[in-house]
Amino acid sequence: MLAHLTFGTNRRQEGTMATRTRLTRAEQDAKLEALHERLTEAVSGLVSGEDWKRAIEFAARFRSRSFNNTLLIYVQHYAAFENGRVPDPMPTYVAGFKQWLSMGRSVVKGQSGYQILAPVTARFASATPEVEDSWRRLGRGERPAWGETVRSKLVGLRPAYVFDISQTDGDPVPETKQPTLLQGQAPEGLWDGLATQVVARGFELRLVSNAQAIGGANGLTDYGSHEVSVRTDMDDAAQVKTLAHELGHVMLHGPDNTDAVMHRGIAEVEAESVALMVGAAHGLATDDYTIPYVASWASSVPGKTPVEVVQSTAERVRGTAVKILDQLETSKVGDGTPPGLDRDALAQARSTGRRAPGVSTSSEVRSPSKATVEAVAL
């Protein structure tokens, strides 16, 4: 999988958490630049439709993280595998150094972490949060004024390190049940869950007997009539896949999305990729998913490089698929987070001054102020 993205196999991964020291601003900027170069190289390596499909399937297994970071994790893990430092070419669960410690596991001596892009957040306060220019940045330890809303906002990125479970030892991680499906079978409850989301967005779901009823397609989304149509002369898995594809259109490609109107090919890539990610998260076979040659659709947007198009498309796909998956009560494969990891507790530890690499910061709630947090995918 993604075997062509194995650049840097002779390049030593820098720094474990155990030996890291505080970097100067220049050193951190240099590391960020190198990390962005590595990411650009990885994205540029997504050449064919099959490459894209494998990347989306991988992202489905690590959907708690941004698409950029899933690529960074993959290429560094594969390099570690080729160098004999990890036993398998595919990572299983990844977490930060202190996150593993919180689960009773420690990084094995000599193992190096995988660098990812972590958010740097700051607290902002406003008495009139609906006014964009009213937000002011709070200093370290500064309390908001009476009645102010506090929000954590992304102000930058920093290099952070995560480790695969195979690089650690210690207490066992809880086992999670994985969905198993027969050929053509759909996961229990998936159709109903997707249909509920279609209807909740103001669309009527129509079942048609064959492709001729909708112009030869498997499904159709009509924003004019607010109807989603799916043909029923397919097996259950194909019907579910089609419904997820159309839900992708519903969520991403309304008439107010000028990019989708101007670049229909990208809209189809996004909808098919949303369906692919939703299916992969449920253990569905993905052999029949078709993605056009990446170089063609990624080069079709004026003013953007193919790398920029691929990154923005992939993150839209991931974000949309995660929204869909979060509303489904179905059995899914893991999202790359070790079972039993308490992210909230570690985030709270960071807010009180302790650092927990790989955990996003959350805003402090100071009564009587209101507090909201911007979600950042690592």
Side-chain angles (χ1 to χ4, degrees), residues 1-6 42 45-63 67 70-71 74 77-78 88-92 177-191 193-195 210-211 214 216-221 228-249 252 265-298 310 313-314 316-318 320-322 324-325 328 330-336:
M1 173 168 175
L2 299 179
H4 65 285
L5 298 181
T6 58
L46 299 176
V47 177
S48 72
E50 284 300 306
D51 297 330
W52 172 267
K53 191 169 82 169
R54 294 187 193 103
I56 293 296
E57 287 178 306
F58 184 78
R61 294 180 53 188
F62 288 84
R63 60 189 179 276
F67 181 79
T70 64
L71 277 188
Y74 178 80
H77 183 88
Y78 196 91
D88 299 305
M90 291 284 289
T92 306
K177 184 179 179 181
Q178 300 294 320
T180 56
L181 299 168
L182 300 175
Q183 184 68 31
Q185 184 182 27
E188 183 178 357
L190 183 53
W191 171 274
L194 295 172
N210 54 61
I214 47 176
N218 290 336
L220 182 68
T221 297
V228 167
S229 302
V230 176
R231 52 183 280 209
T232 56
D233 58 338
M234 305 183 289
D235 62 38
D236 289 346
Q239 290 183 48
V240 159
K241 170 214 165 177
T242 300
L243 184 56
H245 178 111
E246 301 308 325
L247 179 56
H249 278 312
L252 287 170
I266 294 181
E268 288 302 320
V269 166
E270 290 182 343
E272 186 74 347
S273 300
V274 167
L276 170 60
M277 194 164 177
V278 170
H282 287 87
L284 278 168
T286 58
D287 299 342
D288 59 344
Y289 286 80
T290 303
I291 305 293
Y293 196 69
V294 174
S296 60
W297 56 264
V310 167
T313 297
R316 278 197 300 273
V317 166
R318 190 202 70 87
T320 303
V322 167
I324 293 171
L325 292 166
L328 295 172
T330 47
S331 176
K332 310 175 190 72
V333 301
D335 66 357

For [X] versus [Y], what's the shortest heavy-atom pair and its separation?
X: Q239; Y: V230; result: O-CG1, 4.1 Å
X: A298; Y: V310; result: CB-CG2, 3.8 Å
X: H245; Y: E272; result: ND1-OE1, 2.8 Å
X: I214; Y: S229; result: CG2-CB, 3.7 Å
X: E270; Y: T313; result: CG-CG2, 3.5 Å
X: F67; Y: A59; result: CD1-CB, 4.1 Å

Please assess W191 against D236 for the test side chain to side chain contact (heavy atoms under 4.5 Å, CB included), listing each intermediate value before the final yes or no. CA-CA 9 Å; W191 171 274; D236 289 346; over 6 Å; no

Test item: [X] and [Y] side chains (from C-beta on) under 4.5 Å apart, heavy atoms:
X: N210; Y: R231; answer: no
X: L247; Y: V274; answer: no
X: D51; Y: Y293; answer: no
X: E188; Y: H282; answer: no
X: T221; Y: V228; answer: yes

Check your understanding: Would R63 and V333 count as a side chain to side chain contact (heavy atoms under 4.5 Å, CB included) if you check the C-alpha gap in whole Å, the side-chain angles of each, and the deciding distance to 0.1 Å?
Key -> CA-CA 10 Å; R63 60 189 179 276; V333 301; 4.0 Å; yes

From [X] atom [atom1] to [Y] atom [atom2], the distance as rounded to the nearest 0.5 Å:
X: T70; Y: I56; atom1: OG1; atom2: CD1; result: 8.0 Å
X: L276; Y: T290; atom1: CG; atom2: OG1; result: 10.5 Å
X: T92; Y: F62; atom1: OG1; atom2: CZ; result: 6.5 Å
X: M277; Y: L325; atom1: CE; atom2: CG; result: 7.0 Å

Item to complete: Apply side chain to side chain contact (heavy atoms under 4.5 Å, CB included) to the pair K241 and L284, showing each step before the final yes or no.
Response: CA-CA 9 Å; K241 170 214 165 177; L284 278 168; 5.8 Å; no

Dump the intermediate steps for side-chain hydrogen bond (donor to acceptor under 3.5 Å, both in side chains) on H249 and E268, then the final yes or no. CA-CA 8 Å; H249 278 312; E268 288 302 320; 3.1 Å; yes

| request: Please assess R54 against E57 for the test salt bridge (Lys or Arg N to Asp or Glu O under 4.0 Å), listing each intermediate value before the final yes or no. | output: CA-CA 5 Å; R54 294 187 193 103; E57 287 178 306; over 6 Å; no

Next on the checklist: So does I291 get a backbone contact from the side chain of W52, meaning a donor-acceptor N/O pair under 3.5 Å?
Outcome noted: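 No, the answer is negative, given that no donor and acceptor are paired below the 3.5 Å cut-off.
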
